Amino acid sequence: MRVVRSAPELQLTGVVGLVPTMGAFHAGHVALFRAARAENDVVVASLFVNPAQFEEQSDLAAYPRDEARDLEVAERAGVDVVFAPPAEEIYPPGFATWIEVEETGAEGAARPGHFRGVATVCVKLFNLVRPARAYFGQKDAQQAVVVRRAVRDLGIGVEVRVQPTVRDADGLALSSRNARLSPEERERALGLPRALQSAVGAEDPVAAARAAMNGLSPEYVELLELGGATVLAAAVRVGSTRLIDNVIVKGELS
Ligand code: PAF
């Protein structure tokens, strides 16, 4: 596995699958690496903690970083190239061009500026890496919707593949933020996947999920269209940790 820091070093040949990441790898990332491995000649994982998608400097500073461990995980999962650029490679001095998708749902409303940062870095990575396919997790459903929208609207030749959410045995969706939960908070956080799951099949899934939140007060509960699937998505705060999750209520991911 090669680790490269600049775009000219990428030197890729064959069909490339890109997994954009911010590191702190867990089994959800590994599932994306494996999916990319199965469908492409070359698997590239980008590892870049994107400052433009954080609203709070403190959140950016607190983001978990352990490159040595991430490189081991990536190598074991069959990644060929880790692209870990410094910030100036993505945002050179004088950078002034942003991708703004105008419809970003309740998640976008809750995090002003977040999806502008996500869409911009993804388009930049697509231009530098030139993948045929790019892999995203269903857990960040609104992110996948936004990236697909940018790709479609701007005619970017990348297939955006969305892979099912990976969960711990207790049902909590894997996230680097879960490490911040105390044992008591983690127990309360389980109310989120349970409420969403209990609403599958309900006539009004939004109302059913809200009614089942068991003491959690959701920032939002909404339905999203993601490829061929209708997804019931919600965000909650447990202590100081913000968690998002979603389940498919109709159709299949495509
Ligand atoms: O999901 C993430 O880790 C990030 O939002 C992404 C897609 C790597 C863009 O920085």
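In each ligand, atom 1 is the first atom listed, and ligand 1 is the first ligand listed. What you see is a predicted model, and the numbers here were worked out from it, not measured in a lab.
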Tell me, do M22 and F54 make a side-chain contact under 4.5 Å, heavy atoms counted? yes
Would you check if V44 and D80 make a side-chain contact, meaning some heavy-atom pair closer than 4.5 Å? no
Using the side chain to side chain donor-acceptor pair (under 3.5 Å) definition, which of the options T241, D170, N178 pairs with R186? D170
Nearest-neighbour protein heavy atom for atom 1 (O) of ligand 1, which is reported as residue plus atom name and distance: Q143 NE2, 2.9 Å
Around atom 9 (C) of ligand 1, find the nearest protein heavy atom and jot down its residue, atom name and distance. Q53 OE1, 3.3 Å
[X]: numbered ligand 1 atoms lying under 4.0 Å from its heavy atoms:
X    : answer
V121 : 9 (C), 10 (O)
T21  : 8 (C)
M22  : 3 (O), 4 (C), 8 (C), 10 (O)
P20  : 8 (C)

Regarding E225 and R148, does a basic nitrogen lie under 4.0 Å from an acidic carboxylate oxygen? no
Of all pairs that satisfy ring-ring contact (aromatic ring centres under 6.0 Å, His included), the ones with a partner from residues 213-250, not counting sequence neighbours: none
